[in-house]
Every structure is written in structure tokens, then in C-alpha cells.
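Note that these values count all heavy atoms, side chains included, but never hydrogens, waters or copies made by symmetry. Ligands are counted one by one from 1 in listed order, and the atoms in each one are counted from 1 as well.
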Amino acid sequence: TVVTVNGSASHITPRLLYGQMFEAQLFSGDGGIYAEMLQNRAFQQVTSNTTTALYAWNTINGAGLNVIADPLPVSSALPNSLQLTIPEGASGPIGFGNEGYYGIQINSGWTYNASFYYKFPVTSSFKGAATIALQSAEGQVYASASVSLIGSQTTWSKVFVNLRPMSSPMSTANNFTVTLNAAEAAGETIDFAMFSLFPPTFKGRANGLRIDIATVRDNLGGSVTLYEMKPSFFRLPGGNNLVRISQGQTWATRWQWNATVGPLVDRPGRMGDWGYINTDGLGFLEYMYLCEDMEMEPIMAIWAGYSLDGESLPDDVLDPYIQQAIDQINFVIGDSTVNKYAALRASLGHPEPFPLTYVEIGNEDFFASESYIYRWRYFAGNLTAAFPQLRFIATTYPFNPILDPVPLQYDNHVYQTAGWFIENAFYYDSFERNGTYYFQGEYAAVSLNASGDGLMYPTIESSIAEAAYMTGLERNSDIVFAASYAPLLMNVANYQWTPNLVAFDASKVYPSTSYYVQQLFSANRGTEYLPSTLPTYNGTLYWSVTRDSSASTVLIKIVNADSTSSPMTFNLPFEVASAGFATVLTGPPTASNSPTTPDAIVPITSPITFAKSFNFTAAAYSVTVLTAQIV
Ligand SMILES: O=S(=O)(O)O[C@H]1C[C@H](O)[C@@H](O)[C@@H]1CO
């Protein structure tokens with residue numbers, strides 16, 4: 001195959017071309033990138049006096065343990081407390097433990113910050129020590145500290161301890177425990193609320209992110225942070241978790257930005273639409289800090305009056321929801337000297353606005369196109385008037401139905417077979433250039449054939465198919481302004497969707513082959529697209545050539561979906577230095593990175609020789625990035 005490259009760029013690479021789609025699903029937030037280690041830490045949204053209310057908690061040495069509806073709750077947002085009753089006649093440590101999110105990593109290099117609130121429901125003469133510990137499921141103690149609990153404390157008192165493990169067990173089958181001396185505390189009843197256990201966080205931010213997920217080790221053992229995938233945007237808060245209202249629930253249980261900001265004790269949490277309770281500890285401001293810390297811009301969605309269980313708000317009751325969206329946007333970009341919600345942002349520590357260009361109106365409203373005709377008109381109409389500098393993204397199919405005002409951006413989602421992505425590498429080539437821009441907000445090869453089962457993890461075959469499609473996104477990035485694989489993160493212990501880009505468990509992270517494809521494309525996107533000989537439609541060999549005009553480099557991405565290697569000749573329009581690099585991701589088509597084969601397939605970089613016209617053989621089943629210095 002001979003590829004002739006044109007020296008004049010057809011278009012610049014859009015600023016936000018590659019990014020990440022995020023929503024609270026698959027325990028990607030709670031139990032994932034949000035660093036809180038204790039599951040069910042505040043008994044949010046559970047029914048008191050039930051055993052299910054105690055999920056993730058366990059009793060130690062026969063203590064009585066019950067979630068109560070506290071007559072004096074720690075806050076109106078957290079009505080439940082954990083009530084501990086110490087029986088008479090017991091001896092030794094007695095109390096309770098939390099098993100974390102399917103495990104707790106104990107690392108002797110870390111200082112853990114633990115805290116909880118306690119009170120005595122009835123005053124008591126008790127004054128004794130509670131031991132806070134990190135211990136194995138078998139009871140081996142790795143770290144402990146003690147606090148004194150005082151029986152006269154009948155109002156809530158918050159206690160903090162630091163925990164420094166003496167060693168690092170391999171296993172994550174560990175517990176966070178609170179115990180008292182059974183003889184000393186016999187007959188006592190003590191209430192607890194709002195527990196928390198934090199490890200060190202990404203960039204040290206309070207209430208922040210799990211470092212080893214925000215930082216994904218690369219194949220050289222270094223640490224390539226997610227943001228060095230160079231993801232330029234972060235889509236939040238969903239996805240279905242924005243719009244779906246779990247069966248039998250009302251509008252009031254939708255995700256609401258204002259219920260997720262402010263002190264953690266004031267956040268009620270909600271039943272997310274992926275079957276588990278969201279603490280909303282990773283709240284709206286935390287999302288903005290995540291973007292800031294990883295140098296990404298939010299592509300932020302607002303709820304637009306539709307719930308996936310099929311209901312749409314009628315057109316005469318939208319005003320309070322439009323106002324809530326206006327307030328949500330002002331929280332991000334408003335002037336804190338004039339706007340109340342921008343002032344709230346300032347009071348929480350961020351007086352400056354966050355960057356924001358794109359706001360998505362709903363999610364996948366092709367499920368409710370009819371009502372979207374008026375919902376879009378009212379939401380986009382009012383929000384455009386309030387924020388003329390922002391760009392609003394519609395979520396129905398492009399131009400179906402016709403919407404007013406005419407959307408300038410649409411969000412396309414596609415979950416398809418690997419074959420579909422190969423066949424559709426030219427998907428956007430035929431789109432009319434009429435001033436409309438496209439966000440490929442969610443895409444992934446989810447199976448290898450239409451009748452086949454879904455993939456658990458991406459495979460080389462599925463990731464290569466995505467790469468072929470992505471060469472088309474680059475060729476058409478004059479109208480494709482952003483693209484993100486979805487979903488981003490998955491806790492291997494509890495997930496509701498596969499495949500996903502990066503899997504993890506309580507102590508390790510497993511970047512998939514598709515993660516490396518995203519990283520290769522995003523970190524080597526260039527600043528302008530150089531047209532070249534077009535690949536064969538529905539063939540097995542695809543490429544994309546870009547130039548980084550600041551670094552003065554040429555970047556050539558090559559995708560070979562064939563089972564045999566493919567010799568190629570590139571004719572460049574300029575001289576290049578002879579010493580360049582090839583980074584190759586390749587392997588057997590069925591190979592995956594997974595917890596059992598964590599680094600089966602990683603990109604390998606090696607030097608190659610370039611010239612104005614040079615030959616390169618694309619390995620079978622490979623994605624390659626060639627980089628050369630233009631001279
Ligand atoms: O069942 S789907 O509609 O395909 O769900 C998909 C689309 C939705 O935006 C996202 O939340 C989910 C996958 O992450």
C-alpha cells in the first residue's frame with residue numbers, strides 16, 4: 001500500500017478531540033476513582049432496622065449492631081445512625097468492622113485519615129477507649145489508634161485519627177474496625193454516623209481521587225496518569241445516571257447538582273440508576289476539581305425533563321428545572337460577585353470560574369424524541385439566552401426530529417460489533433458540512449459478532465476495530481469535535497456493563513487494550529490533519545496522518561486489522577529526520593488485559609529509520625504510531 005501525504009493541512013485538530021466519559025456506574029465513582037474506602041459509610045438511602053441497611057458492615061465478638069432512624073440525626077441529610085450495644089458478660093475487643101468496597105488496600109507507605117461522629121443516646125458515666133484499626137479478615141492488626149469516648153457526650157462529636165500500617169499485606173481482604181473493651185463497655189449503647197477512611201489522594205486533594213486509578217502505570221512501570229492520555233474533556237455526570245430514574249421512583253430522585261455540593265454530612269446521596277446507592281461524595285464540585293487536576297474541560301450535562309422509564313415532563317412545568325440548570329451552569333462559570341451559586345462556589349474555595357464550553361441537554365433523548373421537540377426548545381432556548389457564549393449539544397439523532405433552535409452540536413453514541421467499526425471507518429465522511437458539529441460521546445466495540453456474547457474485556461480484535469474507526473474521526477475532525485470511549489472505569493468486583501476501558505479492584509488497575517488505543521491516539525493527536533491517500537473502504541488497513549505544528553513533528557497512525565502483516569510505503573511532502581520512533585500495540589486477536597493477565601498487551605516503542613519516502617510494515621493485528629521530526 002502506498003500512502004502519499006499532502007503537505008497542506010485540511011483542518012486543525014479540535015481542542016477537545018479526545019476525552020473521557022464518566023458516570024457513576026460500575027462503581028467507577030464510589031468504590032472507584034473516589035478515594036473513600038468505606039462502603040455504606042453514612043447509611044444513606046437505606047431502610048433503618050433492616051439487615052440490608054448494614055451492608056459492608058459486620059459485628060465483632062457479639063456486639064449488637066443496628067441502623068436506626070436517629071431522633072437526633074447527625075444532619076437532616078443523614079437520618080440514619082449506627083447503634084452499637086455492648087452486651088453484659090462479654091470479654092475482649094467488641095464492636096464492628098467495614099469491609100470496604102470489596103476489599104481495603106493496606107499500604108505501609110500511606111497515612112490513612114479516619115473519622116466518624118459519635119454520641120451516647122443516653123448520658124452515661126462511661127469513659128473509655130475505642131480502638132480504630134486496619135486489620136485482616138483473620139484479625140491481624142496492621143494499624144491502630146485509639147480515641148476516648150465519653151458517656152456524657154450526648155450530642156454528635158466528630159473524632160479523627162491517622163493510621164499508619166506497619167506493613168503491607170498482599171491481600172485486600174481487610175477491615176476497618178472500631179472496637180471497645182467488652183468488659184469495660186458492658187451494657188453501653190453508642191451511636192455512630194458518617195464514617196470515613198481516606199488514603200492519600202491524587203495531588204493531595206481533600207475528599208479526592210484514588211491515586212492508582214487517576215494514575216495508571218504504563219508498560220515501563222512508570223506512572224502515566226489518566227490525564228497524560230491527554231484527555232481534553234470529561235463528560236459528566238452521565239449517561240443514564242443523569243436521566244434514568246430507577247423504577248418506581250419520582251423526578252425528585254434524579255441526580256441534582258445542588259444535592260451533591262457542600263459538607264459531606266449535608267449530602268443525602270441517591271439511589272443511582274445502576275443498582276447501587278451513590279454517596280455523592282464525588283459531587284459536582286469534586287467533578288470540577290477532577291477536571292482541573294487532570295487539565296480537562298467538563299462537557300457537562302443538565303437534566304432535561306426525561307426519565308428512562310419513559311416519562312417526560314410536560315411543557316408547562318419546565319421552568320424550575322430550567323432554573324436549576326441555569327444555577328448549575330452558574331455554579332461552574334458564574335461571577336461570584338453577582339451570582340448566588342457562583343458565590344457558593346467561591347465559599348467552597350473556588351472563586352474563579354471553571355472552564356466550560358459545552359453543555360449537553362439530557363442524554364440519549366432519541367428514546368423520547370417527541371417530547372425533546374419542546375424540551376430542547378425550552379431548555380436550549382432559555383440557556384442560550386442566559387449563556388450565549390456556551391454551545392449546547394442535542395442528544396436525539398441528528399436532524400431527527402427537526403429541532404428549534406437548530407442544534408449546532410449533536411452527541412452520537414454507538415455500541416456495536418468490531419466488524420461494524422471496521423465497516424464504518426468512513427462514517428462521518430459522508431456527513432454534510434453544514435455548520436453542525438458532532439460529539440462521538442460514547443462508543444465501544446462490545447462484541448466480536450452480532451450473534452456473539454458481549455466482551456468482558458476489550459480484546460486486540462475489538463480495540464483495533466475501534467482504532468480503525470478513530471482514523472475516521474481524525475479525518476473528519478473538521479466536524480467531529482470530541483470523542484470518548486465508554487464506559488471509562490469498572491470495579492471488577494461489581495459491574496453492570498462490559499467491556500470497559502480501565503478495570504480495577506481494591507488494589508490494582510488493569511488498563512485494557514482499548515485504553516492503550518485511546519492513549520496512543522490522544523497523546524499523539526497532532527495539531528492539524530494532513531490529507532493522504534484514502535484507505536480502502538471496509539478494508540483491513542487504515543491510517544491517519546497529522547502534524548504537530550508546534551513540535552514540528554509528523555504523526556502517522558496505522559491500523560492493521562488483518563491476520564498478516566502489511567508492507568506500506570509513505571511518501572511525505574517534507575524532509576524528516578532519519579531517527580524516529582514506532583510505538584506498536586499488537587498481539588493475538590483474542591488477547592485481553594485482565595486481572596489474570598494484567599499486562600498481556602502493552603505498547604512497545606522502538607526506534608525506526610525515516611526518510612521523505614520510507615517503507616514500513618504494519619504488523620498483523622496492530623495499532624502503530626510513527627513519529628518523526630520534520631526538518
Ligand atoms: O443502555 S444504554 O442506553 O446503552 O446505556 C448506555 C448509554 C448511556 O448513555 C450510558 O449510561 C450507558 C453506557 O455507559
Which donor-acceptor pairs under 3.5 Å do the side chains of residues 381-390 make with protein atoms, sequence neighbours left out?
{"unit_1": "Asn382", "atom_1": "ND2", "unit_2": "Tyr378", "atom_2": "O", "d": "2.6"}
{"unit_1": "Thr384", "atom_1": "OG1", "unit_2": "Ala380", "atom_2": "O", "d": "2.5"}

* All ring pair (Phe, Tyr, Trp, His ring centres under 6.0 Å) counterparts of Tyr397, not counting sequence neighbours -> Phe366

Short N or O contacts of ligand 1 with protein, under 3.5 Å, listed by atom name?
{"unit_1": "ligand 1", "atom_1": "3 (O)", "unit_2": "Glu364", "atom_2": "OE1", "d": "2.8"}
{"unit_1": "ligand 1", "atom_1": "5 (O)", "unit_2": "Asn240", "atom_2": "ND2", "d": "3.1"}
{"unit_1": "ligand 1", "atom_1": "9 (O)", "unit_2": "Asn363", "atom_2": "OD1", "d": "3.4"}
{"unit_1": "ligand 1", "atom_1": "9 (O)", "unit_2": "Asn363", "atom_2": "ND2", "d": "3.0"}
{"unit_1": "ligand 1", "atom_1": "9 (O)", "unit_2": "Glu442", "atom_2": "OE1", "d": "3.4"}
{"unit_1": "ligand 1", "atom_1": "9 (O)", "unit_2": "Glu442", "atom_2": "OE2", "d": "2.7"}
{"unit_1": "ligand 1", "atom_1": "11 (O)", "unit_2": "Glu23", "atom_2": "OE1", "d": "3.4"}
{"unit_1": "ligand 1", "atom_1": "11 (O)", "unit_2": "Glu23", "atom_2": "OE2", "d": "2.3"}
{"unit_1": "ligand 1", "atom_1": "11 (O)", "unit_2": "Asn240", "atom_2": "N", "d": "2.8"}
{"unit_1": "ligand 1", "atom_1": "14 (O)", "unit_2": "Glu23", "atom_2": "OE2", "d": "3.3"}
{"unit_1": "ligand 1", "atom_1": "14 (O)", "unit_2": "Gln25", "atom_2": "OE1", "d": "3.3"}
{"unit_1": "ligand 1", "atom_1": "14 (O)", "unit_2": "Gln25", "atom_2": "NE2", "d": "3.2"}

* Residues which pass side chain to side chain contact (heavy atoms under 4.5 Å, CB included) with Ala301, listed by chain and number, not counting sequence neighbours -> Pro237, Leu242, Glu360

* Asked: Hey, are Ser232 and Arg525 close enough side-chain-wise for a donor-acceptor pair under 3.5 Å?
  -> yes

* Can you tell me if Arg267 uses its side chain to pair, donor with acceptor, with the backbone of Asp280 under 3.5 Å? -> yes

* Among Phe354, Phe284, Tyr341, which one satisfies ring-ring contact (aromatic ring centres under 6.0 Å, His included) with Phe331? -> Phe284

